[in-house]
Amino acid sequence: MASATKIPFLDLVTPHQELESELLAVVKKAFSTAGFIGGPMVEAFEKEFAGFCDAKYCVGVSSGTDALRFAFMAAGVKPGEIIVTVPHTFIATTEAISQAGAHIAFVDIDEQTYTMDPAKLREYLETHCDWDSQKKQLIERRSKQRVAGIVPVHLYGQTADMDPILEIASKYDLVVIEDACQAHGAEYFSKKENAWKRAGSMGLAAAFSFYPGKNLGACGEAGAITTNDEAMALRMKMIRDHGQAKKYCHNIEGYNGRLDSVQAGWLCVKLRHLDKWNESRRNLAHRYHQLFADTNDAMVVPAEAPWTKGVYHLYVVRVSDREALQARLAEAGIGTGIHYPIPLHQQKAYQHLGFKTGDFPVTERVAREIVSLPMFPQLTHSQQNEVVSTVKEFVGAKVAATR
Ligand SMILES: Cc1ncc(COP(=O)(O)O)c(C=O)c1O
């Protein structure tokens, strides 16, 4: 039987209590100016977050899902065109593709990093699509639709392998929109540029979510898009605000997708702590790695590729009997999660796309085995020791039983 949670999967109370007076001051400021939507607090946050991501522009929006959708629209993706992503991600990635009127194509993930496998991307683009040299477009053979873009997802706070993805995108004139919703502050070492690059600074645009549980979370729904392209930034500003370039002059039909000023003010307060919080997540992840080092083959811990400096939004391990491990941890009062148990191509929502079991074997295997352990900046070493000893006890007993 599950006991009361002693060690939560995520502690969202402590950081807000610690920052309570600064966060309340933001609300008071909004009351005293009645600036609830847009305005100086939103502009200040956009400037600071663009700087944090090493991007030229940031456009605050109402969620990470809208951030992705607005980025596709601003990039000129047309109805019926294809956007390629991975089936191992949160459904918002593909919802945004469909909501922009585009079609979804999947390529499998890499088994070490759980992010888009560039070799699988190349294989899809080169064996299922043809280059129309007159129109200078890549056309998917089956649907006869143009492939317009790629969405690498920086899952769990680790960046996808961007150099080969950007190279193949440029070869076939495809836009790259990063899904950085789980990767605020993550870095990628670009061999091509011989430099570390921040998530949000590499694609044509990048989407961030500030859902409360993210590394940088709002106190409600919020998101942002970063880009180095001024025209993209202007279009995304228009799209988020009913298509208006100035008040009541609507150049296009847009959306109500703006960022609230109170959320922006809170995000500014929390952004000042993000580097420190990310560092704490990295230290905790490395401590988990060390403490689990002697579990050998019984358990797979996250692999950090040499080209990424992850920010460990999640610490995801793999075991063969994860439901039993989750039950054992729940019994010990330890919270866990699964991100995500059903691959997108096997979801009911996508039955009409006609995928079948076995189409993306790495994703399917990973989805059966993953468990996310407690990971948040305020996790103490003694809490972490308890998680580790409970997991090791479980894994050790399983190994002994199979001997
Ligand atoms: C990978 C990924 N993409 C997109 C989103 C959508 O963000 P939001 O919930 O802010 O709409 C999320 C949020 O959970 C996410 O994890």
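In what follows, every heavy atom counts, from backbone to side chain, and hydrogens, waters and symmetry copies are set aside. Note that the structure is a prediction, hence the values are computed from the model and not measured. For ligands, and for the atoms within them, numbers begin at 1 and follow the listed sequence.
- A donor-acceptor pair is defined here as one N or O able to donate and one able to accept, closer than 3.5 Å; such a pair exists between the side chain of D108 and the backbone of T363.
- Closer than 4.0 angstrom to ligand 1 lie heavy atoms from S63, G64, T65, T89, F90, A92, T93, V153, D179, C181, Q182, S209, K214, Y340.
- Aromatic ring centres of F49 and F210 lie closer together than 6.0 Å.
- For F394, the ring pair (Phe, Tyr, Trp, His ring centres under 6.0 Å) test picks out no residue, with sequence neighbours left out.
- Pairs passing the ring pair (Phe, Tyr, Trp, His ring centres under 6.0 Å) check and including a residue from residues 213-262, sequence neighbours excluded, read F70-Y255.
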Expected list for residues 153-162: side-chain donor-acceptor pairs under 3.5 angstrom, two or more places apart:
unit_1: H154; atom_1: ND1; unit_2: A160; atom_2: N; d: 3.0
unit_1: H154; atom_1: NE2; unit_2: E178; atom_2: OE1; d: 2.9
unit_1: Y156; atom_1: OH; unit_2: H88; atom_2: NE2; d: 2.8
unit_1: Y156; atom_1: OH; unit_2: H339; atom_2: O; d: 2.5
unit_1: T159; atom_1: OG1; unit_2: T308; atom_2: OG1; d: 3.1
unit_1: D161; atom_1: OD1; unit_2: Y188; atom_2: OH; d: 2.6

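- Residues F355 and F106 place their aromatic rings such that the two centres sit under 6.0 Å apart.
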